[in-house]
Structures are given as C-alpha cells and as structure tokens.
Peer 1: 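Mind having a look at this structure? Questions to follow.
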Amino acid sequence: MGAEEAEGTPPPLPATGEPATTARAQPISAAQFLSWKQRKDAEVAVRKAEAAQKRADDIASGAVQMNGRELFQQEPWVFDNHIY
C-alpha cells in the first residue's frame with residue numbers, strides 16, 4: 001500500500017532559495033531556437049492557408065456571407081458608382 005501512495009503523489013517542490021533544476025535541465029542554443037521558430041511559423045502558415053481555403057470554399061458554396069473586402073474582390077461591379 002505504501003508504494004501505491006508514493007507513486008500517486010507529485011514530487012516535493014524545492015524549498016525557497018533552491019534552484020528548480022528539473023524544470024530547465026539545459027538551455028537551448030540559438031540554432032535550436034531558430035529551428036523551432038521556423039517549424040512553428042510553418043505550422044501557423046499552414047493553418048492560416050487551410051482556414052483561408054475553407055473560407056473561400058464556404059463563400060463559393062454560399063454557406064457564409066462575404067465581408068466587404070471579399071465582396072469587392074469577388075464582385076467589384078457592386079461598388080461601381082459611375083451609374084449615378
């Protein structure tokens with residue numbers, strides 16, 4: 001029973017003044033950070049492109065309304081004021 005209770009409890013927190021060595025084992029290098037940043041930026045770009053494509057598909061199918069910019073890009077004749 002004692003072993004089961006020890007496994008379920010979190011490790012004790014370090015006392016104040018002691019460094020928390022388990023939280024940051026080793027600092028990362030600049031090359032590692034740049035690599036991570038490039039991967040992260042690529043993932044964000046992919047998500048934005050997918051969202052834009054989904055929005056374009058929804059607009060084409062008529063599932064959502066266009067905002068003003070999208071309406072101007074899709075149907076610029078609506079904004080033609082030369083007839084007045």
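In what follows, residues are counted from 1 in the order of the sequence shown.
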Peer 1: Let me check something: any side-chain donor-acceptor pairs from residues 61-79 under 3.5 Å, sequence neighbours excluded? List them with distances.
Peer 2:
unit_1: S61; atom_1: OG; unit_2: D57; atom_2: O; d: 3.3
unit_1: S61; atom_1: OG; unit_2: D58; atom_2: O; d: 3.0
unit_1: N67; atom_1: OD1; unit_2: R69; atom_2: N; d: 3.2
unit_1: N67; atom_1: OD1; unit_2: E70; atom_2: N; d: 2.9
unit_1: E70; atom_1: OE1; unit_2: R55; atom_2: NH2; d: 3.0
unit_1: E70; atom_1: OE1; unit_2: N67; atom_2: N; d: 3.0
unit_1: E70; atom_1: OE2; unit_2: R55; atom_2: NE; d: 3.0

Peer 1: Any ring pair (Phe, Tyr, Trp, His ring centres under 6.0 Å) involving residues 40-65? Give me the pairs, sequence neighbours left out, ordered by first then second residue.
Peer 2: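 Non-adjacent pairs meeting ring pair (Phe, Tyr, Trp, His ring centres under 6.0 Å): zero.
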Peer 1: Could you pull out all donor-acceptor pairs under 3.5 Å where a side-chain atom in residues 27-47 meets a protein atom, sequence neighbours excluded?
Peer 2:
unit_1: S29; atom_1: OG; unit_2: Q32; atom_2: N; d: 3.2
unit_1: Q32; atom_1: OE1; unit_2: S29; atom_2: N; d: 2.8
unit_1: S35; atom_1: OG; unit_2: R39; atom_2: NH1; d: 3.2

